[in-house]
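What follows is a single structure, written as structure tokens, with notes after it.
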Amino acid sequence: MEFIKTEQQGHVLIITINRPDALNALNRQVLSELKTCVEGIDPEKVRCVVITGSGNKAFVAGADIAQMKSMTKAEGKEFGLFGNSVFSALEELPVPVIAAVNGFALGGGSELALACDIRIASDNAVFGQPEVALGITAGFGATQRLPRLIGEGQAKRLLFTGERVKADEALQIGLVCKVFPIEELIEKALAMANAIAANGPIAIRGTKVAIKKGLAMDLKAGLELEAGYFGDCFETKDQVEGMSAMLEKRKPEPFTGK
Ligand code: CO8
């Protein structure tokens, strides 16, 4: 792959968007490579993914404007659908994905972070949906994921004004969960990823799917859904070992996902 670097550390996979000359902007090749990478993830081997951008200036500065400039209506729609298919593949991974946002996350870059389960940012991170200033709507999910995450009012503010939001404000409005000095970001992301990876994989998977599907349901249906995933954990080796260890006042053996 030319623009996607991967590194596996234990059960954690680090994906780096590596196109520093264009601030990691998403052209079709970057998106294709990201899709191939995501589709190749084996949840037996990978229990958490960290996604970041190369360098310390940009996570991803958006979709590639040079590549989009001369698109027809049909090509624009197709590109939007393609980008959405990549981000949906990421969102639907059976393992959690942490966006470690290390600088500009504009347009498609912010939308990539929105498709992740958890967003943490460096203190120099800048978020924004500047598409309207380019004469286009957001096209890789922000009109849908941003209001679900930060509420309709704040999402409309960002999507209508194109205003940029620095890390401290992103934290305040719930766009990110934590902010760290840039030099600590990856270390903190890996610590979080390893903490997730050490937990019971069946429980983590059930939690992720229950939240995702439950948000599209009414509360009653969502609670029934949760009971199903809760029940699924019982009689697994991990549940028996986790509860036995607690009762026997010892550390559990590493979870196996069985
Ligand atoms: N696309 C292509 N190239 C880019 C992009 C981009 N989004 N962002 C930066 N670059 C390139 C620059 O052209 C420049 O290249 P070169 O050195 O060859 O001139 C290089 O990266 C460095 O950028 P700058 O010189 O501009 O660096 P600055 O530090 O001066 O500025 C900024 C950094 C503020 C991040 C600035 O680069 C910028 O404003 N970039 C564009 C941000 C933007 O508008 N992003 C949104 C794009 S639209 C989008 O993402 C829509 C997604 C949905 C698509 C749906 C399809 C239908």
Side-chain angles (χ1 to χ4, degrees), residues 1-5 15-35 38 51-91 97 99-116 119 121-150 154-170 175-176 179 182 185:
M1 294 214 189
E2 189 181 351
F3 296 127
I4 299 292
K5 279 198 309 186
I15 301 177
T16 305
I17 314 282
N18 185 34
R19 198 188 168 209
D21 293 349
L23 302 185
N24 305 321
L26 303 170
N27 62 18
R28 186 172 283 276
Q29 188 181 340
V30 178
L31 287 167
S32 291
E33 290 183 9
L34 180 59
K35 191 168 196 193
V38 169
I51 185 158
T52 193
S54 68
N56 56 11
K57 183 170 175 184
F59 174 67
V60 167
D64 191 307
I65 298 171
Q67 206 170 62
M68 288 188 296
K69 186 174 164 281
S70 53
M71 282 181 181
T72 62
K73 284 182 194 297
E75 287 166 344
K77 182 171 181 185
E78 189 279 330
F79 190 52
L81 290 171
F82 179 59
N84 275 321
S85 77
V86 181
F87 291 4
S88 292
L90 192 66
E91 188 173 50
V97 182
V101 179
N102 56 321
F104 288 109
L106 301 175
S110 169
E111 291 168 304
L112 172 59
L114 288 172
C116 297
R119 283 148 294 283
S122 56
D123 47 9
N124 67 334
V126 178
F127 291 81
Q129 300 296 156
E131 289 91 338
V132 284
L134 301 169
I136 58 173
T137 67
F140 290 165
T143 64
Q144 303 307 306
R145 292 194 181 96
L146 196 58
R148 284 170 169 81
L149 182 70
I150 63 170
Q154 290 286 18
K156 283 179 174 166
R157 173 174 73 100
L158 298 188
L159 285 159
F160 291 162
T161 64
E163 201 177 305
R164 291 185 193 165
V165 169
K166 291 185 179 165
D168 54 350
E169 191 185 349
L175 186 45
V176 301
V179 175
I182 178 87
L185 182 69

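Counting convention: from 1, in listed order, for ligands and their atoms alike. Predicted model, so just to flag it, every value in this text is computed and none were measured.
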Which atoms of ligand 1 sit under 4.0 Å from any heavy atom of [X]?
{"X": "Leu106", "value": "35 (C), 42 (C), 45 (N)"}
{"X": "Gly108", "value": "49 (C), 50 (O), 52 (C)"}
{"X": "Gly139", "value": "53 (C), 55 (C)"}
{"X": "Glu111", "value": "52 (C), 53 (C)"}
{"X": "Met68", "value": "48 (S), 54 (C), 56 (C)"}
{"X": "Phe79", "value": "56 (C)"}
{"X": "Lys57", "value": "27 (O), 28 (P), 29 (O)"}
{"X": "Leu134", "value": "44 (O), 47 (C), 48 (S)"}

If you scan the protein for heavy atoms around [atom], do you find one that is closer than 4.0 Å?
{"atom": "atom 47 (C) of ligand 1", "value": "yes"}
{"atom": "atom 19 (O) of ligand 1", "value": "no"}
{"atom": "atom 7 (N) of ligand 1", "value": "yes"}
{"atom": "atom 43 (C) of ligand 1", "value": "yes"}
{"atom": "atom 25 (O) of ligand 1", "value": "no"}
{"atom": "atom 29 (O) of ligand 1", "value": "yes"}

Just need the protein heavy atom nearest to [atom], so name the residue and atom and give the distance.
{"atom": "atom 16 (P) of ligand 1", "result": "Asp21 O, 4.7 Å"}
{"atom": "atom 1 (N) of ligand 1", "result": "Ile65 N, 3.0 Å"}
{"atom": "atom 37 (O) of ligand 1", "result": "Leu23 CD1, 3.7 Å"}
{"atom": "atom 10 (N) of ligand 1", "result": "Ala22 O, 3.7 Å"}

Looking only at N/O atoms, are [X] and ligand 1 under 3.5 Å apart anywhere?
{"X": "Ala25", "result": "no"}
{"X": "Ala61", "result": "yes"}
{"X": "Ala63", "result": "yes"}

Side chain [X], main chain [Y], donor-acceptor under 3.5 Å:
{"X": "Asn24", "Y": "Ala58", "value": "yes"}
{"X": "Arg119", "Y": "Leu175", "value": "yes"}
{"X": "Asn56", "Y": "Gly103", "value": "no"}
{"X": "Glu91", "Y": "Ala115", "value": "no"}

Item to complete: Decide, yes or no, whether a salt bridge links Arg157 with Glu169 under the criterion of side-chain N to carboxylate O below 4.0 Å.
Response: yes

Counting C-beta onward and ignoring hydrogens, is there a side-chain heavy-atom pair between [X] and [Y] closer than 4.5 Å?
{"X": "Leu31", "Y": "Phe79", "answer": "yes"}
{"X": "Arg19", "Y": "Glu2", "answer": "no"}
{"X": "Ile182", "Y": "Asn102", "answer": "yes"}
{"X": "Ile17", "Y": "Val30", "answer": "yes"}
{"X": "Leu158", "Y": "Phe127", "answer": "no"}
{"X": "Ser32", "Y": "Phe82", "answer": "yes"}
{"X": "Val86", "Y": "Leu26", "answer": "no"}

Discussion item. Just verifying a value: how many Å separate Asp21 CG and Phe3 CZ, rounded to the nearest 0.5 Å?
Written reply: 8.5 Å

Worksheet item: Using a distance-only test with no angle check, is there a side-chain donor-acceptor pair under 3.5 angstrom linking Asn124 and Ser122?
Response: yes

Worksheet item: Taking only residues at least two apart or on different chains, which pairs with a member in residues 75-86 satisfy salt bridge (Lys or Arg N to Asp or Glu O under 4.0 Å)?
Response: Arg28-Glu78

Out of curiosity, is [X] lining ligand 1, as in a heavy atom under 4.0 Å away?
{"X": "Arg164", "result": "yes"}
{"X": "Gly76", "result": "yes"}
{"X": "Pro130", "result": "yes"}

Worksheet entry | Structural part of Met71 in contact with ligand 1, heavy atom criterion under 4.0 angstrom |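 Within the 4.0 Å criterion, Met71 makes no contact with ligand 1.
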
Item to complete: Using a 4.0 Å heavy-atom cut-off, say whether Phe140 meets ligand 1 through its side chain, its backbone, both or neither.
Response: both

